[in-house]
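Worksheet: one structure, shown below.
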Amino acid sequence: MTSTDVRTEAEDSGPSGYAAARLRLLQEGARSGPPRRAALAELTDDWLTGLFDAGADKLRGISLVAVGGYGRGELSPRSDLDLLLLHDGSADPGAVASLADRIWYPIWDLGLDLDHSVRTPAEARKTAGEDLKVQLGLLDARHLAGDLGLTAGLRTAVLADWRNQAPKRLPELQQLCAERAERQGELQFLLEPDLKEARGGLRDATALRAVAASWLADAPREGLADARRRLLDVRDALHLATGRATDRLSLQEQDQVAAELGLLDADTLLRQVYEAARVVSYASDVTWREVGRVLRSRAVRPRLRAMLGGGKPTAERSPLAEGVVEQDGEVVLARAARPDRDPVLPLRAAAAAAQAGLPLSLHAVRRMAAGVRPLPTPWPAEAREQLVTLLGSGPSTIEVWEALEAEGLITRLLPDWERVRCRPQRNAVHIWTVDRHLIETAVRAAEFTRRVHRPDLLLVSALLHDIGKGWPGDHSVAGEIIARDVAARIGFDRSDVAVLATLVRHHLLLVETATRRDLEDPATVRSVAEAVGSQGTLELLHALTEADALATGPAAWSSWRASLVADLVKRVAAVLAGDTPEEPEAVAPTAEQERLAIEAARTGGPVLALRAQTEPPTEEPSGDPEPLGVELLIAVPDQKGVLPAVAGVLAMHRLTVRTAELRALDLPDGVSGSVLLLDWRVAAEYGSLPQAARLRADLVRALDGSLDIAGRLAERDAAYPRRRGIVAPPARVSVAAAASRLATVIEVRAHDAPGLLHRIGRALEEAQVRVRSAHVSTLGANAVDAFYVTGAEGAPLPGEQAASVARALEDTLRE
């Protein structure tokens, strides 16, 4: 039976004919999705038009209008009908009421839900002004029958009202969306989601249409129509499967709904729902951010024009990183940025955005997605560093990661991500999809970066620990294989790859052993020690275990579980500490290092050598990836204040210290004096590197006390106040027990920031200890430093003094 036949049957047979035609249409297996919704709306239009024409008789100045979802022509099998009987006030009220009854009662008789009203245009506009939901419904008003001019006039007036009132109504609409999301949760993560009310559902898609109608901002259109269609298709199938007007996709109905849609299983259904919801949610985030920007701009513009004499203000652009700037509260690309020549740019922009606590501009992400070339294999060191920085940025990582994922950049960087993207977890303990759980774990792990020596390995293992859930079998076993491949591809060396593979393979080992085995049994502890292999890996696994549990859900972690795991870790650490490592042998200087040291000893001043890093090869390189930045060698006669002086000068010149080594050199026979050698790896925050001659001149002044480094750094901080950014975990300073027989080892773990090493050096100088050697590394946004210090006589510090120095240094870094 054709659509025309169905409509004719409805017109000829009245309400019962409409019911039969409606049932026949819904049972047509060959027609579903948008064609069926449009056909159902058209069938209903014809039936209601017949009811109106039969009752209107000679009435003038009256029309029947579909609003809301019915106005958009989107009728699901059990959708309610939103109708407005509009009149100009000239007709007899009794006649209007009689006409309303002749339309409403047949609808009720068929058991259909009806949302109805009878109003004049003035009444409709007044009600819309008082009730935002009414106004939203009227934005989709569609003429069905009667006076077309009356309907058109109302539509024009309502749209004009909406656009005029947008600065007031849009924040109100945003608040409604936020409150609904708080009540209903996020559609893209729920196991039993409400397709309409949850965040990312059909209500949000309708809200985006309303924003577009205001002409104030518009939603990203790519993929949005398809996402909305998918959610409507699922709701149609849900209505047919249950026979009820429900929007909640409950567990017991998911298999039937999947079958109705011709999908493999309920997991496939949920994944499609999640993907659609993610598109809607991301479009909502971008749109509401644009609405806020436009409204702020409108509020500030009159004042700026007055200050600037009526000229158009230029948006301020503040540099964040190479090729990346902040503008209007978003992270955008610099004018000189070239995505086609800079494959690290997406990660650098993302890391800068996450560290600043700012969103990535939609335009910037799309420009990078369209033009960036693939990273070489293995990744250059900068790319790996930027990934670690992004992962270690805390909660702000999530929004930035979602922006990259929305434009396909994540799966380009990490192809294995596609198997876990939007993958549901049918476990009551889990509150996230697999991919979001991995990001949440990294966010949690960022809080623990002060607890471990290698925060970069902790953060990357957090990102990869469940990556095997996209494959059959034990996800830990599959994940170990994938983790080895990913870690090697992104540039970790063999030993780090092995550690990451161990962490992924055994990420459940501690909690499962602690809660399921007898810890008093020596065999239990020995088996864990054998699996973990080293103290460093155990430290990482402990932090990963807690981050994983906290990111799973409230039921996955408790003080009881934490105490059991801590007890197990303590026992395993004791087993692993059975053999005391030997003191490392002194490293012989290279010929260049010895030459610089001799020159420093003879001249009595600092000597520098600055070597630029070569560009990474475009083909697949052999061997280990190159270190990040440029190499800076400094030889300086041994004296007080070398460490804070060098670190301060580098901070003044906006050089970031990535790694640093400081040690005393034994000079050849015939050369008197003592020389300190500093072998550092540095990088410019943005722009070009300073000349070595300028660095040496400032270093000479810093060492003789004529350059006030602290004052200069304070002036710069005052001139460029720090952005809101992220809230980093507090610095942590500890004394490493029995780490060396010759010195006391003080470990510092802190958030990397300009001047950090200068502050540490000054604090150690003020504590009147001598830095015998230093080992400084920056892993992402985390500084992990070890300082071997002695007293004035060259002996390790007594226990109480060492603890006092550590406390004083920690207090300094927390100020």
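Both backbone and side-chain heavy atoms feed into the values below; hydrogens, waters and symmetry mates do not.
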Please check this pair: side chain of [X] against backbone of [Y], looking for a donor-acceptor N/O pair closer than 3.5 Å.
X: R749; Y: R450; answer: yes
X: T397; Y: G392; answer: no
X: R505; Y: E480; answer: no
X: S396; Y: A354; answer: yes
X: R384; Y: P378; answer: no
X: T552; Y: D548; answer: yes
X: H507; Y: V504; answer: yes
X: D435; Y: C422; answer: yes

Would you call [X] and [Y] a salt bridge, taking side-chain N to carboxylate O under 4.0 Å as the test?
X: R278; Y: E405; result: yes
X: R348; Y: E382; result: yes
X: R423; Y: D466; result: no
X: D328; Y: R296; result: no
X: R289; Y: E399; result: yes
X: R658; Y: E385; result: yes
X: R366; Y: E222; result: yes

For [Y], is the NZ or CZ atom of [X] found under 6.0 angstrom from the centre of its six-membered ring and inside 45 degrees of the ring axis?
X: R419; Y: W471; answer: yes
X: R451; Y: F448; answer: yes
X: R436; Y: W432; answer: yes

Please find the pair of heavy atoms, one from [X] and one from [Y], that lie closest to each other, and give the distance.
X: G323; Y: L345; value: O-CD1, 4.1 Å
X: L358; Y: V400; value: O-CG2, 3.9 Å
X: L263; Y: L269; value: CD1-CA, 3.7 Å
X: L362; Y: P220; value: CD2-CG, 3.6 Å
X: E290; Y: A217; value: CG-CB, 3.6 Å
X: L191; Y: L270; value: CD2-CD1, 4.1 Å

Can you establish whether the number of heavy atoms outside [X] located under 6.0 Å from its atom [atom1] is more than 12?
X: R180; atom1: CZ; value: yes
X: Q691; atom1: CD; value: no
X: E182; atom1: CD; value: no
X: R694; atom1: CZ; value: no

Side-chain donor-acceptor contact under 3.5 Å, T449 with N782: yes
State, without any angle test, whether S393 and Q355 hold a side-chain donor-acceptor pair at a distance under 3.5 Å. yes
Using the rule given for salt bridge (Lys or Arg N to Asp or Glu O under 4.0 Å), can you reason through D194 versus K196, listing the C-alpha separation, both sets of side-chain angles and the distance that settles it, and then say yes or no? CA-CA 5 Å; D194 188 306; K196 188 174 184 179; over 6 Å; no
Assess the residue pair R421 and E418 against the criterion (salt bridge (Lys or Arg N to Asp or Glu O under 4.0 Å)); give the C-alpha distance rounded to whole Å, side-chain angles, the decisive distance to 0.1 Å, and a yes or no. CA-CA 5 Å; R421 188 176 61 84; E418 179 61 28; 3.0 Å; yes
Going by atom type alone, with no hydrogens or angles, which donor-acceptor pairs under 3.5 Å involve a side-chain atom of residues 208-215 and a protein atom two or more places apart or on another chain?
from, atom 1, to, atom 2, distance (Å)
R209, NH2, D140, OD1, 3.0
S214, OG, V211, O, 2.5
S214, OG, L216, N, 3.1

Take D416 and R489, measure what salt bridge (Lys or Arg N to Asp or Glu O under 4.0 Å) needs, and give me the verdict at the end. CA-CA 12 Å; D416 297 284; R489 195 177 340 124; 3.2 Å; yes
Determine, stepwise, if the pair D233 / R229 fulfils salt bridge (Lys or Arg N to Asp or Glu O under 4.0 Å). CA-CA 6 Å; D233 288 351; R229 176 193 57 77; 2.9 Å; yes
Close aromatic pair by centroid cut-off 6.0 Å: H437 and H465: yes
